[in-house]
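Data first, discussion second: the structure below is written as C-alpha cells.
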Amino acid sequence: MKDEPMDKEDILKKLSEIHKLDYDYADGRILGSMCTQAHPFAKEVYCKFLDTNLGDPGLFKGTKYLEDEVVRSIGNLLSLDEAYGNIVTGGTEANIMAVRAARNHARKYKGIVDGEIIIPSSAHFSFKKAADMLNLKIVEVDLDENYKMDVESVKESVSDKTVAIVAIEISKIAHENNIYFHVDAAFGGFSIPFLRDAGYDLPVFDFSLEGVCSITVDPHKMGLAPIPAGGIIFRKKEYLQVMAVDSPYLTVKTQSTIVGTRIGAASAATYAIINYFGKKGYSQLAQELMDNTYYLKDGLQEIGYEIVCEPELNLLAFNHPNIKPRDFAEKLGKLGWNVSVAKCPIEAIRVVLMNHIKKRHIKELLEDLKEIY
Ligand SMILES: *Cc1c(COP(=O)(O)O)cnc(C)c1O
C-alpha cells in the first residue's frame, strides 16, 4: 500500500492490464473448467446484495428468505418436499458440511469416535480435505469395468466405524441401511434432472432414494450463478442441528455453517437466475451442451482419436494414440487451448463443454487436433 491515495482512473487502468493475464471464457479457449461465465442478470442481482451477511440472518431476513427459497427449490428439483441446508462457497464447502454432519451424527447416535468414510476412487479431492479436517479415515472403493462405483466393494468396505458412504451423481447407488449416505452432484445436479426429463438414460441419484441424506449441487457450475455459489441440501433438520454451535453476539442462537460472516449475494443471484431460467431454460441449456459434446465426440472419432468412455454428461475424455496425456495437454496449451488432464478412471484429456464453448470454437479445436494427429 502506498502512502498517498491513487486516482481511481490509474487503479482501473492498472487492474485492466493485470486482468488481461487471465483467460477469458468468451474466447472459448477454457476447455477444462466446470465453471463458466455467470449469466449477466445473475451478476446484476449479485451486486445489489454485496453487503448482505447470512452469518447474522436476523439482520438480513430478506436475504435469509432468499437462501431458504433457493434451498427449497433445489430440494424440490431433487424430489424433496421440505429441504434444509445452505448456499455456501462451492462444492468443497458443501461436501465438508455433509461429512461433518455425518460424523457428528454418528458420534452422537452411535458413539463412533474414529470414523471412516467410504468414497469411490473417482471422488473429488474435497473429501480428502474433509477427512483431514474432521479426523476421519478414507476408505477408497475401486470402480468397476464401466468406471462406476462397485456396489459389492462398498458392502465389503462397510465397518462399525463407517460414518458415511459417498457416491457421485452418475454412480450406481450403493446404500447400506442406517449409514449416512451423501451424493456429490456438484456438477450434474443442475443438469441430470432436466436431461432425465428429456429422455436421457441417466441414473436416479436424488432424494427419491430413501437412503440419501444429503446432496451437493453447485449453482456456480451448470446453474450459471456467479462464483462462489455451492449448495448443500439435507433431508432432515437434525443434520444441521448436530453441527450447531452457540453463537453469542448474533441475532440467532446457534450456527451450523463452517464460515461465520458469509455471502448473501450468492443466494440472491441464484434465486434470480433459477427463476429467470425456470426448468425449461435449464433443460434447453443442458441439451444444447449435450449436443455440443456429441459434436466434439463425433469430430474426434472421425479424425481417429480414442474416446475413453461414452459421455453421459457434457464431459468428454480422450487420448492421442501416441502422445502421453500431459505432453498432449502441453502441446494444446501452446496452441492456446487450455485443457486439463483427468486422472480417473484413466489419465486422459478432459474437456468440459460448458456454455462459453460454442460450435465455432469446437470447429477450430478440431482443426488443430487434425493437424496434431
Ligand atoms: C466441482 C466439484 C466439486 C468441488 O466444488 P468447488 O466448487 O470447486 O469447491 C466437488 N465435487 C464434484 C463432483 C465437483 O464437480
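When a ligand or atom number is given, it counts from 1 through the structure's own listing order.
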- Note on the structure: For Leu59, the other hydrophobic cluster members (4.5 Å side-chain criterion, sorted by chain and number) are Phe60
Which of the numbered atoms in ligand 1 are under 4.0 angstrom from any heavy atom belonging to [X]?
X	value
Phe187	15 (O)
Gly90	7 (O), 9 (O)
His220	7 (O)
Asn95	10 (C), 11 (N)
Thr92	4 (C), 5 (O), 6 (P), 9 (O)

- Task: Drop me the distance from His320's NE2 to Leu369's CG, to the nearest 0.5 angstrom.
- Result: 8.5 Å
- Task: Measure the spacing between CG of Asp68 and OG of Ser73 and express it to the nearest 0.5 Å.
- Result: 10.5 Å
- Query: Can you tell me which residue and heavy atom of the protein come closest to atom 11 (N) of ligand 1, and the distance to 0.1 Å?
  - Reply: Asp184 OD2, 2.5 Å
- What's the shortest distance from atom 10 (C) of ligand 1 to any protein heavy atom, and which residue and atom give it? His124 CG, 3.2 Å
- Query: Which of these, Glu310, Glu306, Glu302, sits in a salt bridge (Lys or Arg N to Asp or Glu O under 4.0 Å) with Lys297?
  - Reply: Glu310
- Task: For the residue pair Met290 and Asn314, establish whether any side-chain heavy-atom pair is separated by less than 4.5 Å.
- Result: yes
- Item | Structural part of Asp218 in contact with ligand 1, heavy atom criterion under 4.0 angstrom | side chain
Compute the shortest N/O to N/O distance between [X] and ligand 1 and return yes if it is under 3.5 Å, no if not.
X	result
Gly91	yes
Glu93	no
Ser126	no

- Query: Can you check side chain to side chain donor-acceptor pair (under 3.5 Å) on Asn86 and Thr257, steps first, answer last?
  - Reply: CA-CA 8 Å; Asn86 294 99; Thr257 47; 5.8 Å; no
- Which word best sums up how the rings of His105 and Tyr109 line up, parallel for under 30°, tilted for 30 to 60°, or perpendicular for over 60°? tilted
- Task: Please report the C-alpha distance between Asp56 and Thr251 in whole Å, then the side-chain angles of each, then the deciding distance to 0.1 Å, and finally whether the side chain to side chain donor-acceptor pair (under 3.5 Å) criterion is met.
- Result: CA-CA 6 Å; Asp56 210 350; Thr251 49; 2.5 Å; yes
- Message: Yes or no: does Lys221 have any heavy atom under 4.0 Å from an atom of ligand 1?
- Response: yes
